[in-house]
Amino acid sequence: MEIGGVLVSRQRELADYESLTKECRACPLRDGCNQVVFGEGNPEARLMLVGEGPGADEDRLGRPFVGAAGQLLNKILDAGRFPRHEVYICNVVKCRPPSNRLPLPNEVKACLPHLERQIELINPEIIICLGALATQVLVDPKARITRDRGKWVRKEGRLIMPTFHPAALLRDPSKKRPVWEDIQKVMAVYHEEWK
Ligand code: URA
């Protein structure tokens, strides 16, 4: 909701921070990718989704979740009645790991201040962790996604819902049902409180 200059200043702060991240050389990933994929969406989103890291399509276009996993994420967002422009979407690491490998611990650590600042500026009520990495970073380093998905975690005043990564659903369609169950839990909170 726009209240005078508040939205404008938040937008500006986020844009200023994004510009800073474009200069980031805190880990070696930036040297091997085309561009920093900071994230996109509503600067005052109530719901934030955090993936793993940009893939080839994201690296080419500079936007998160625009490849095959992104197409599926769009369907999940539609099913949940979360318009993509209403939410905020980003990743744990902002630069593409080579050959789509998992980001290494030192890369995650180097990028963490960027994710933390994003969360602080956007200040979402709800965060959906897409996959194990986001869950381990935002909930518990020992988290296991098969065990811990679908369970709300309350942390620093926010509600966090871990679920499977859309890419995992592409590999294993039997994961669609549990993700839908997790999304329905988020819908219950998001749409109820929005009224
Ligand atoms: N997978 C991710 O984790 N993030 C993206 O942006 C795209 C695919």
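Just follow the structure's listing: the first ligand is 1, and inside any ligand the first atom is 1. All heavy atoms count here, side chains included; hydrogens, waters and symmetry mates do not.
A heavy-atom cutoff of 4.0 Å around ligand 1 is satisfied by the protein residues G51, E52, G53, E58, P64, F65, N91, H165.
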- Between Q35 and K94, does a side-chain hydrogen bond (donor to acceptor under 3.5 Å, both in side chains) hold up when you go through it step by step? CA-CA 9 Å; Q35 56 187 320; K94 314 301 184 197; over 6 Å; no
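A donor-acceptor contact under 3.5 angstrom links the side chains of N123 and R158, judged on distance only. With hydrogens and angles left out, the side-chain atoms of E44 and Y88 include no donor and acceptor closer than 3.5 Å.
Taking the six-membered ring for Trp and the full ring otherwise, Y17 and H114 have centroids separated by under 6.0 Å.
Taking 4.0 Å as the cut-off between side-chain N and carboxylate O, E40 and R84 count as a salt-bridged pair.
Across all their heavy atoms, F82 and H191 have their closest contact at CE2-NE2, 3.6 Å.
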